[in-house]
Amino acid sequence: MRTHRCGELRIENVGETVILTGWVNRRREHGEHLAFVDVRDHTGITQCVVDNAVDVRAEYVVKITGTVVERVEGTANDDLPTGAIEIKECDVEVLSIAEPPPFPMDDRADQVDELVRLRHRYVDLRRVRMQRNLRIRSSVNAAIRSAMFNQEFVEVETPMLMPSTPEGAREFLVPSRQKPGNFYALPQSPQLYKQLLMVGGLDRYFQIARCLRDEDLRADRQYEFMQLDMEMSFVDVDDVLSAVEVGVLDAAEAVTGVRPDTVERMTWRDAMERFGIDKPDLRFGMELVELTSVFAETGFKAFSSAAAIKAIKVDQGADEYGRNKLDGLTDEAKSFGAKGMVWLKVRESEAGGLEFESPVAKFLSAEETAAIVTATEAVAGDLVLIIADDWLTTCEVLGELRNRIGRPPVSEGPYKYLWVTDFPLFVGIDATTGQPKTGHHPFCQPHPDDLDKLESDPMSVRAQAYDLVLNGWELGSGSIRIHDPVLQRRVFELLGINEEEANRRFGFFLEPFKYGAPPHGGFAFGIDRLTAILAGEENIREVIAFPKPQSGLDPMTNAPTEVDASVLEEVGIRVLPPTL
RNA sequence: GGUCCCGUAGUGCAGUCUGGAGUGCACGCCGCCCUGUCAAGGCGGAGGUCGCGAGUUCAAAUCUCGUCGGGACCGCCA
């Protein structure tokens with residue numbers, strides 16, 4: 001139908017008769033005998049010179065046949081790759097007429113209410129931004145697929161209809177017609193199946209897998225999302241990390257043209273100590289400074305009873321953070337669990353040294369003041385924020401403040417990939433049962449050096465679990481799995497799950513391990529998130545063709561909808577009246 | 001479940017604090033003019049349930065309450 005695409009023609013094509021197809025980007029009339037029509041497809045725009053009698057308007061779909069000519073002296077457009085030429089003696093065929101688009105087709109649409117864009121997503125998708133993002137996404141998928149295939153991973157599709165498992169995220173349920181009153185669940189992840197593929201001797205499995213979780217939506221969370229899901233047999237942690245790295249770095253290189261530096265590694269403990277979070281953004285410093293020992297003998301009550309005291313320093317933040325902003329940060333700190341926040345503005349003292357301007361300055365001894373300055377390497381004009389609490393709270397609150405104050409926008413480089421390793425096997429105690437709660441999932445292999453502490457000091461046991469982090473976003477996580485039924489039983493017991501309950505909840509999954517399970521481990525990372533960061537987008541909706549807004553209600557299709565009573569009847573469902 | 005912000009023409013805004021006729025701007029749209037524009041230019045025109053519902057008031061886009069919708073975040077996401 002066409003000889004060229006709209007972004008292709010150059011000065012070399014002058015003289016050729018060409019056929020272009022696309023959408024009318026804009027029309028400029030100049031009296032009775034002259035009008036310019038910019039025809040657009042995903043490759044770009046070409047200017048066509050037509051007679052004003054031709055009635056084409058914005059977003060009409062057209063087929064234009066004409067001759068490529070060099071533009072008249074002085075009328076070339078340097079902003080367009082095709083700006084040196086135009087199409088003359090055009091024969092214009094209208095393939096589809098169109099109503100005016102509901103929003104501008106250029107960058108101004110970035111300011112339009114997202115709901116309007118989503119309601120007319122098919123129009124929004126024509127824009128440069130969305131074309132670019134979806135093509136980046138396609139490159140990411142292609143790079144990952146070939147990276148895994150080249151490493152001898154086998155692509156296997158696992159079922160979308162699976163049994164409901166009560167663990168983890170809330171599931172989407174699918175009623176059964178053959179067995180009314182019973183339900184399938186859509187997979188939160190292919191976790192269970194991929195481990196069974198290892199039992200089945202696939203050795204190396206991967207899948208670009210759709211996962212579904214019925215949890216509240218966020219900028220980085222949709223009901224449905226895509227993961228690179230993989231699992232390997234006869235491996236240790238390093239083997240898994242290396243294999244995943246190839247996929248992630250290939251994808252990044254495919255998009256940016258630059259292969260990222262090798263992925264850094266950091267233990268969970270170090271990440272918490274230094275950055276106060278298990279997904280540190282390494283693009284900026286502002287590391288947490290340890291001050292606990294400084295206040296070992298302090299007379300300041302807020303600090304004397306705290307297990308951990310740490311600080312962050314805001315370079316030259318003293319003037320920028322007035323009373324209102326500091327109060328805001330304090331409220332923030334409290335909302336994340338701190339009892340309070342101490343701020344110190346560093347000033348030159350009259351004696352020539354440094355002193356603090358702060359409501360609590362008078363409670364700090366000269367030695368403590370000096371020690372804080374030394375530890376934080378503060379200079380006049382800096383702002384120091386101190387949190388004193390139990391170790392985890394101190395770290396987490398400062399981690400939040402650090403991100404709030406220093407974190408650059410997603411679109412700013414560089415890309416900082418990071419492995420966070422040695423996560424704790426258990427995090428916290430379940431308030432109702434008094435049993436430890438798993439940090440990852442109950443099939444996660446404890447660190448071999450910590451096996452003897454499982455019963456005696458479970459909270460200190462590290463897991464062979466690891467996360468991949470990019471610029472402060474958690475891309476994914478994985479672990480070496482338990483393949484030994486005896487060890488699995490020990491872990492279940494610690495979690496308060498007896499054998500009967502384990503069989504009831506995970507029976508179909510545990511049974512196969514009696515038939516010879518290889519040691520194995522794996523990983524999964526979110527393709528939406530990786531693509532968003534590589535595209536410089538703050539929100540994964542911008543890299544998804546048809547995403548849902550925060551409510552989960554689709555403004556284009558109106559899903560979810562009611563269904564006919566007969567349909568419900570068939571699956572044995574009766575809908576309750578809405579609760580008031 | 002919670003906190004905060006937003007809702008005025010197809011789109012983006014101003015007006016809301018301090019109540020006084022839908023008062024206004026830009027883009028888009030429709031018509032006319034225009035032979036070198038390229039987010040063209042000129043002239044004219046159409047287009048509004050101020051999200052919705054109550055309340056206060058002589059009078060509500062504006063104040064109050066409720067509700068719906070959107071966004072960011074917390075909870076949640078093994």
Enquirer: Would you kindly give the CG-to-C1' distance between A/Asn403 and B/C74, to the nearest whole Å?
Expert: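 Taking CG of A/Asn403 and C1' of B/C74, I get 15 Å after rounding.
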Enquirer: Would you say the side-chain atoms of A/Ser460 and A/Asp457 include a donor-acceptor pair closer than 3.5 Å?
Expert: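 Yes, side-chain donor-acceptor contact under 3.5 Å.
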Enquirer: Within this structure, what is the CG-to-C1' distance between A/Asn539 and B/A72, rounded to whole angstrom?
Expert: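 About 10 Å, once rounded to whole Å.
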Enquirer: When you compare the protein's N or O atoms with those of nucleotides 1-9 of chain B, which come within less than 3.5 Å of each other, and at what distance?
Expert:
| unit_1 | atom_1 | unit_2 | atom_2 | d |
| --- | --- | --- | --- | --- |
| B/G1 | O6 | A/Asp216 | OD2 | 3.4 |

Enquirer: Within the 4.0 Å heavy-atom criterion, would you say A/Arg541 contacts the bases, only the backbone, or no part of the nucleic acid?
Expert: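 Answer is sugar-phosphate: A/Arg541 comes under 4.0 Å of backbone atoms only.
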Enquirer: For atom C1', what is the distance between B/A9 and B/G48, given to the nearest Å?
Expert: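 B/A9 and B/G48 have their C1' atoms separated by 5 Å.
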Enquirer: Short of 4.0 Å, heavy atom to strand atom, which residues of residues 106-115 of chain A count as contacting RNA chain B?
Expert: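 By residue number: A/Asp106, A/Arg108, A/Gln111, A/Val112, A/Asp113, A/Leu115.
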Enquirer: Whole Å only: how far is the CG atom of A/Asp220 from the C1' atom of B/A72?
Expert: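 Rounding to the nearest Å, CG of A/Asp220 and C1' of B/A72 are 11 Å apart.
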Enquirer: For B/G51 versus B/A14, give the span between their P atoms, rounded off to a whole number of Å.
Expert: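 Straight-line distance between the two P atoms is 14 Å.
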Enquirer: Just the rounded figure in Å: distance from C1' of B/G28 to NE2 of A/His120.
Expert: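 Those two atoms, NE2 and C1', are 14 Å apart.
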Enquirer: State the pairing partner of B/U3; accept Watson-Crick or G-U wobble contacts with both distances under 3.5 Å, and report none otherwise.
Expert: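 For B/U3, the partner nucleotide comes out as B/A72, under the 3.5 Å rule.
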Enquirer: Does B/G69 have OP1 or OP2 under 4.0 Å away from a side-chain N or O of A/Ser551?
Expert: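 No, no such contact exists.
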Enquirer: According to side-chain hydrogen bond (donor to acceptor under 3.5 Å, both in side chains), does anything in residues 61-81 of chain A pair up with another residue at least two apart or in another chain? List the pairs.
Expert: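 As it turns out, there is no side-chain hydrogen bond (donor to acceptor under 3.5 Å, both in side chains) pair with a partner in residues 61-81 of chain A once direct neighbours are skipped.
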Enquirer: Under 6.0 Å from the six-membered ring centre of A/Trp391 and within 45° of its axis: does the NZ or CZ of A/Arg269 meet both?
Expert: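 Yes; both conditions hold, so A/Arg269 lies above the ring face of A/Trp391.
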Enquirer: Which base, if any, makes a Watson-Crick or G-U wobble pair with B/U37, both distances under 3.5 Å?
Expert: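 Its partner is none (no Watson-Crick or G-U wobble pair with both distances under 3.5 Å).
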Enquirer: Could you measure between the two C1' atoms, the one in B/G7 and the one in B/C50, and give it in whole Å?
Expert: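 Here B/G7 and B/C50 have their C1' atoms 10 Å from each other.
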Enquirer: Indicate the ring-plane relationship of A/Phe423 and A/Trp268, choosing parallel, tilted or perpendicular according to the 30° and 60° boundaries.
Expert: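 Tilted: the ring planes of A/Phe423 and A/Trp268 meet at 30° to 60°.
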Enquirer: Could A/Arg119 and A/Phe103 be counted as a cation-pi pair, given that NZ or CZ must be under 6.0 Å from the ring centre and within 45° of the axis?
Expert: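 No; the conditions do not both hold, so A/Arg119 does not lie above the ring face of A/Phe103.
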Enquirer: Quick test of your reading: applying salt bridge (charged side-chain N to carboxylate O under 4.0 Å, His left out), list the pairs with at least one residue in residues 464-473 of chain A, sequence neighbours left out, ordered by first then second residue.
Expert: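 Applying salt bridge (charged side-chain N to carboxylate O under 4.0 Å, His left out) to every pair that reaches into residues 464-473 of chain A, excluding sequence neighbours, yields nothing.
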Enquirer: With rounding to whole Å, what would you report as the distance between B/G71 and B/G22 at their C1' atoms?
Expert: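 Here B/G71 and B/G22 have their C1' atoms 28 Å from each other.
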Enquirer: Please list, chain by chain and in numerical order, all residues satisfying salt bridge (Lys or Arg N to Asp or Glu O under 4.0 Å) with A/Glu396, sequence neighbours excluded.
Expert: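 So A/Glu396 forms no salt bridge (Lys or Arg N to Asp or Glu O under 4.0 Å) with any residue.
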Enquirer: With rounding to the closest Å, how many angstrom separate the P atoms on B/A40 and B/C29?
Expert: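 Result for the P pair: 9 Å, nearest Å.
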Enquirer: How many Å lie between CD on A/Gln550 and C1' on B/C76, as a whole number?
Expert: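 Those two atoms, CD and C1', are 13 Å apart.
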Enquirer: Sticking with atom P, work out how far B/G47 lies from B/C30, rounded to a whole angstrom.
Expert: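 Taking atom P in both B/G47 and B/C30, they lie 15 Å apart.
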Enquirer: Run the side chain to side chain donor-acceptor pair (under 3.5 Å) test against A/Arg407 and tell me which residues pass, sequence neighbours left out.
Expert: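 Side chain to side chain donor-acceptor pair (under 3.5 Å) check on A/Arg407 returns A/Asp281.
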Enquirer: Give none if B/U56 has no partner; otherwise give the nucleotide forming a Watson-Crick or G-U wobble pair with it, both distances under 3.5 Å.
Expert: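 Check on B/U56: unpaired, no WC or wobble geometry under 3.5 Å.
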Enquirer: Who are the side-chain contact (heavy atoms from CB on, under 4.5 Å) partners of A/Met556, not counting sequence neighbours?
Expert: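 Residues passing side-chain contact (heavy atoms from CB on, under 4.5 Å) with A/Met556: A/Arg121, A/Tyr122, A/Phe546, A/Asp554.
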Enquirer: Please determine whether a side-chain nitrogen or oxygen atom of A/Arg404 lies at a distance below 4.0 Å from atom OP1 or OP2 of B/A72.
Expert: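 For B/A72, neither OP1 nor OP2 has a side-chain N or O of A/Arg404 closer than 4.0 Å.
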Enquirer: How far, in whole Å, is B/C58 from B/G19 if one measures between their P atoms?
Expert: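 Each nucleotide's P atom is 15 Å from the other's.
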Enquirer: When the C1' atoms of B/G12 and B/C17 are considered, how many whole Å apart are they?
Expert: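 Roughly 23 Å separates the two C1' atoms.
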Enquirer: Tell me which pairs pass salt bridge (charged side-chain N to carboxylate O under 4.0 Å, His left out) where either residue lies in residues 468-488 of chain A, with sequence neighbours left out.
Expert: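 Salt bridge (charged side-chain N to carboxylate O under 4.0 Å, His left out) check on residues 468-488 of chain A returns A/Glu231-A/Arg481.
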Enquirer: Take the protein atom CD1 of A/Ile85 and the nucleotide atom C1' of B/C38, then report the distance between them rounded to whole Å.
Expert: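 Going from CD1 in A/Ile85 over to C1' in B/C38 covers 13 Å.
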Enquirer: Counting only heavy atoms not in A/Glu32 (residues, nucleotides, ligands), do more than 12 fall under 6.0 Å from its CD?
Expert: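 No, the 6.0 Å shell around CD holds no more than 12 heavy atoms from other groups.
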Enquirer: In the strands shown, is B/C77 matched to any nucleotide by a Watson-Crick or G-U wobble pair with both distances under 3.5 Å, and which?
Expert: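 The base-pairing partner of B/C77, which may sit in any strand shown, does not exist here.
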Enquirer: Looking at B/C76, does its base get a donor-acceptor pair with the side chain of A/Arg221 below 3.5 Å?
Expert: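 Yes.
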Enquirer: Rounded to the nearest Å, what distance is computed from the CD1 atom of residue A/Ile97 to the C1' atom of nucleotide B/C29?
Expert: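 Atom CD1 in A/Ile97 sits about 15 Å away from atom C1' in B/C29.
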Enquirer: Between A/Gly168 and A/Leu553, which is nearer to the 5' end of RNA chain B once each is assigned its nearest nucleotide?
Expert: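 The 5'-side residue here is A/Leu553.
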Enquirer: Tell which nucleotide pairs with B/A61, taking only Watson-Crick or G-U wobble pairs whose two distances are both under 3.5 angstrom.
Expert: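 Paired with B/A61, as far as the under-3.5 Å criterion goes, is no nucleotide at all.
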Enquirer: Tell me which nucleotide, if any, is Watson-Crick or G-U wobble paired with B/G48 when both distances must be under 3.5 Å.
Expert: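 Base partner found: none.
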Enquirer: A/Glu171: which residues meet the salt bridge (Lys or Arg N to Asp or Glu O under 4.0 Å) condition with it, sequence neighbours left out?
Expert: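 Counting only residues at least two positions away or on another chain, A/Glu171 forms no salt bridge (Lys or Arg N to Asp or Glu O under 4.0 Å).
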Enquirer: When the distance from CZ of A/Arg213 to C1' of B/G75 is rounded to whole Å, what number comes out?
Expert: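 It works out to 17 Å between those atoms.
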Enquirer: Tell me, for nucleotides 30-37 of chain B in 5' to 3' order, what letter each nucleotide earns: B for a base near a protein heavy atom under 4.0 Å, S for only sugar-phosphate near one, - for neither?
Expert: SS--BBBB
Enquirer: Excluding sequence neighbours, so at least two apart, what forms side-chain contact (heavy atoms from CB on, under 4.5 Å) with A/Ala84?
Expert: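 Listed in chain order: A/Ile11.
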Enquirer: Watson-Crick or G-U wobble partner for B/C32, using a 3.5 Å limit on both distances?
Expert: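 Base partner found: B/G42.
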Enquirer: Could you check which nucleotide pairs with B/C25 in any of the strands shown, counting Watson-Crick or G-U wobble with both distances under 3.5 Å?
Expert: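 When the pairing criteria are applied, B/G12 turns out to be the nucleotide that pairs with B/C25.
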Enquirer: Under the rule for ring pair (Phe, Tyr, Trp, His ring centres under 6.0 Å), what residues qualify as partners of A/His441, not counting sequence neighbours?
Expert: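 A/His441 satisfies ring pair (Phe, Tyr, Trp, His ring centres under 6.0 Å) with A/Phe443 once adjacent residues are dropped.
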